[in-house]
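These figures come from a predicted structure and were not determined experimentally. These values consider heavy atoms only, across backbone and side chains, with no hydrogens, waters or symmetry-generated copies. Just so it is clear: chains get the letters A, B, ... in the order the sequence lines come, proteins before strands, and each one is counted from 1.
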Amino acid sequence: MRVIQALRGTRDILPEEVSYWQLVETKAKEILTRAVYQEIRPPIFEQTSLFERGIGEGTDIVGKEMYTFKDRGDRSITLRPEGTAGVVRSFIENNLYAQGGVQRLWYAGPMFRYERPQAGRQRQFHQIGVEVLGSDSPRADVEVIALATDLLKTLGLKSLKLDLNSVGNQKDREQYREALVNYLIPFHNELDRDSQERLTRNPLRILDSKEAKTQEIAQNAPKIWDYLSNDSKKHFDRVQQLLTDLGIEYQLNHCLVRGLDYYTHTAFEIKSDDLGAQATVCGGGRYDGLVAELGGPETPAVGWAIGMERLILLLQQLQKPPIIQPDFYLVSRGDKAEAQALVIAQKLRTAGFTVELDLSGSAFGKQFKRADRSGAVACLVLGESEAENETVNLKWLISGEQQSVNQVDLLTQINLLELKNKIALHKQ
RNA sequence: GCGAGCGUAGCCAAGUGGUUAAGGCAGUGGAUUGUGGUUCCACCAUUCGCGGGUUCGAGUCCCGUCGUUCGCCCCA
C-alpha cells in the first residue's frame, strides 16, 4: 500500500525538536509578559480580501503565494500568510481601540505561503509576533526591537545583526520613488532582468537585489534618508538615539526595504550568517496606515515577527536538546507485580516524580538494559517475591546500591523528601 | 514559476554494467529462565522511490514521473 506522506512544504515537528520549540515559547512568553504584552489568538483563515487589502495587491505574497480556496458556501478563504492583518482586523472588529491607550499584543502560530521550500522556508511555517497599536512614539519602535533582541539574546544567540532603515511616510516614499527611478533609468540595460521589471512595478525592491551588478548600482543610488520629511527624520533620529542609549547595536541599511505595502517609517531586520539564503530571523517595522486602511480609526502601530523555524535552526546549531530523563524506571515481572508497579508509578507521579514504566514483561536483564538507556536515576524492581511481601527493590543506577523498601513506606511524606534529596544529589 | 544536485533497511551509508545487494548505528532474540552499562553470537532489503526503455545481463546507462535538498524569485 502506498504510504501517505506529509504535503510538500509541511513537516512533522518530532519530539526531539519539540523541546526547542517549547524552550522558545516559554522564554518568549516570559519576556513579553514582563512587558505586559497580552496574547491574542485570531483565526488561522480569514476572508481573502483582508490580506489583499492589508498586505497589498501588488505584493508577491498576495499575487502568487496565498493559499486561497472557496469553501462550501462559495466564500473566498485564505490561510493567513502573516499575522499582522488578522490582529489588526480583530483590533478593529472587537473595538479594542475603545479601551483607549496602547494595546500591546503578541501571537504565535502557523502561517502559510505557497512557495518552493528551501532551507529555513516551509509552506506551513510558524511565527511569533508582537504588535503595539496606538502609539506613534519612537519609544514604541525601540521597545519592540528591544524585546526581540532580548529574546534572541536570552536564547543564547550571538552574531546576529540588526539592520535599520526608515521608509518614511507615504509622501516621502512617493518622492523618493521618483528620484530612484530617475537614477536607475540610465542603468536600465545593466540591471538584471527581474530588476528591470521592478523598475515600473516596485522600484524600491531593486535596492535589495542579490545580483552583484545591481547591488553595485544600488549602492550609489539616492538614499531615502535625503527624502524624509522633517517629522520622519526626527522620528528616525530618535529611534537611533534610543537604541544607542539602550546599548543595542545596529547598522543603517538604506537598501532595507520590506516587502509588505503597509510599512512606514521604521523598518528593521535581524539577520544571521548561519542560515543560508533565508537569513532573516526577525522582520518588522512601523505601519501607521494599516488600521485605517482596514476600516478602523487612524491608529499608529509597530510590530515584528520572528520565524520560528529559522530561529530553531540556529538554536540547534548551538545546543543539544534537553532530554527528559526519568527519576525512576519501573521494572516488573508477573501479573501481581505488574499491577502493583502501575499503582506505584501513579503515586510517584502524583508526588511529582518522573516515572517510566517498562511495559515489555521481558526478562529482568532486558528491562535493566532499557532502564540504563533511559537515563533514569533509580530503578524500582518488582518481581514475584516483592509482590508477595509488598515491598519494592530500590536500586540506584549509578552506584548499583540496592535496598528493599516497604511499598507503603516508599510513599510516605518523610521518605519522599528523602528520595527527592537523593535524586537531586544523583542528578548533579 | 525557474535552475541545479540527490533518492539503496528506522538512521548513516558501500556499491560506477556481471553469479546470493558490504559495513556501522538502532532494534529483536540468545549466552545471562531475578539484576544494567562491557563483550560475544544469531536475526533484521526476494530488492535499490515509482513506471518504461537500452542490454545476454541494470542499484549502476537512458527517458519520464514523484519525492527531497539547495539556490533564484520572495519572505519570517
Self-check item: Out of B/C75, B/A76, B/G34, whichever nucleotide has its closest atom nearest the side chain of A/Q278
Solution: B/C75
Quiz item: Distance between the P atoms of B/A9 and B/U46, in whole angstroms?
Solution: 11 Å
Might you list the N or O atoms of the protein lying below 3.5 Å from N or O atoms in nucleotides 24-28 of chain B, with each pair's distance?
unit_1 : atom_1 : unit_2 : atom_2 : d
B/G27  : OP1    : A/R373 : NH1    : 2.1
B/G27  : OP2    : A/R373 : NH1    : 3.2

Quiz item: Can you find a donor-acceptor N/O pair under 3.5 angstrom joining the side chain of A/R310 to the base of B/C75?
Solution: yes
Between N or O atoms, less than 3.5 Å apart, protein on one side and nucleotides 2-12 of chain B on the other: list the pairs.
unit_1 : atom_1 : unit_2 : atom_2 : d
B/C2   : N4     : A/R116 : NH1    : 3.2

Quiz item: Is there a donor and acceptor pair, one atom on the side chain of A/K64 and one on the base of B/G1, closer than 3.5 Å?
Solution: no
Quiz item: B/U35 base stacked by A/F364? Criteria: ring centres under 5.5 Å, plane angle under 30°.
Solution: no
Quiz item: If you look at every strand shown and take non-hydrogen atoms under 4.0 Å, does A/A305 touch a base, only sugar-phosphate, or nothing?
Solution: sugar-phosphate
Quiz prompt | Sub-4.5 Å side-chain heavy-atom contact between A/K347 and A/F353 | solution = no
Quiz item: A/P117 or A/E309: which one's nearest nucleotide on RNA chain B is closer to the 5' end?
Solution: A/P117
Quiz prompt | No-H, no-angle donor-acceptor pair, A/Q5 side chain to B/G49 base, under 3.5 Å | solution = no
Practice problem: Could you check which of B/G34, B/G37, B/G1 has an atom nearest any side-chain atom of A/D372? | Solution: B/G37
Practice problem: May I ask you to verify whether the side chain of A/S385 and the base of B/G34 hold a donor-acceptor pair under 3.5 Å? | Solution: yes
Practice problem: Looking at every strand, decide which applies to A/A363 at a 4.0 Å heavy-atom threshold: base, sugar-phosphate, or nothing. | Solution: nothing
Practice problem: Could you check A/A277 against A/I61 and say which one's nearest nucleotide on RNA chain B is further toward the 5' end? | Solution: A/A277
Quiz item: What is the pairing partner of B/G1, taking Watson-Crick or G-U wobble pairs with both distances under 3.5 Å in any strand?
Solution: B/C72
Quiz item: What is the base-pairing partner of B/U16, counting Watson-Crick and G-U wobble geometry with both distances under 3.5 Å?
Solution: none
Quiz prompt | Nucleotide nearest A/Q118 (side chain, heavy atoms from C-beta), chosen from B/G34, B/G71, B/C75 | solution = B/G71
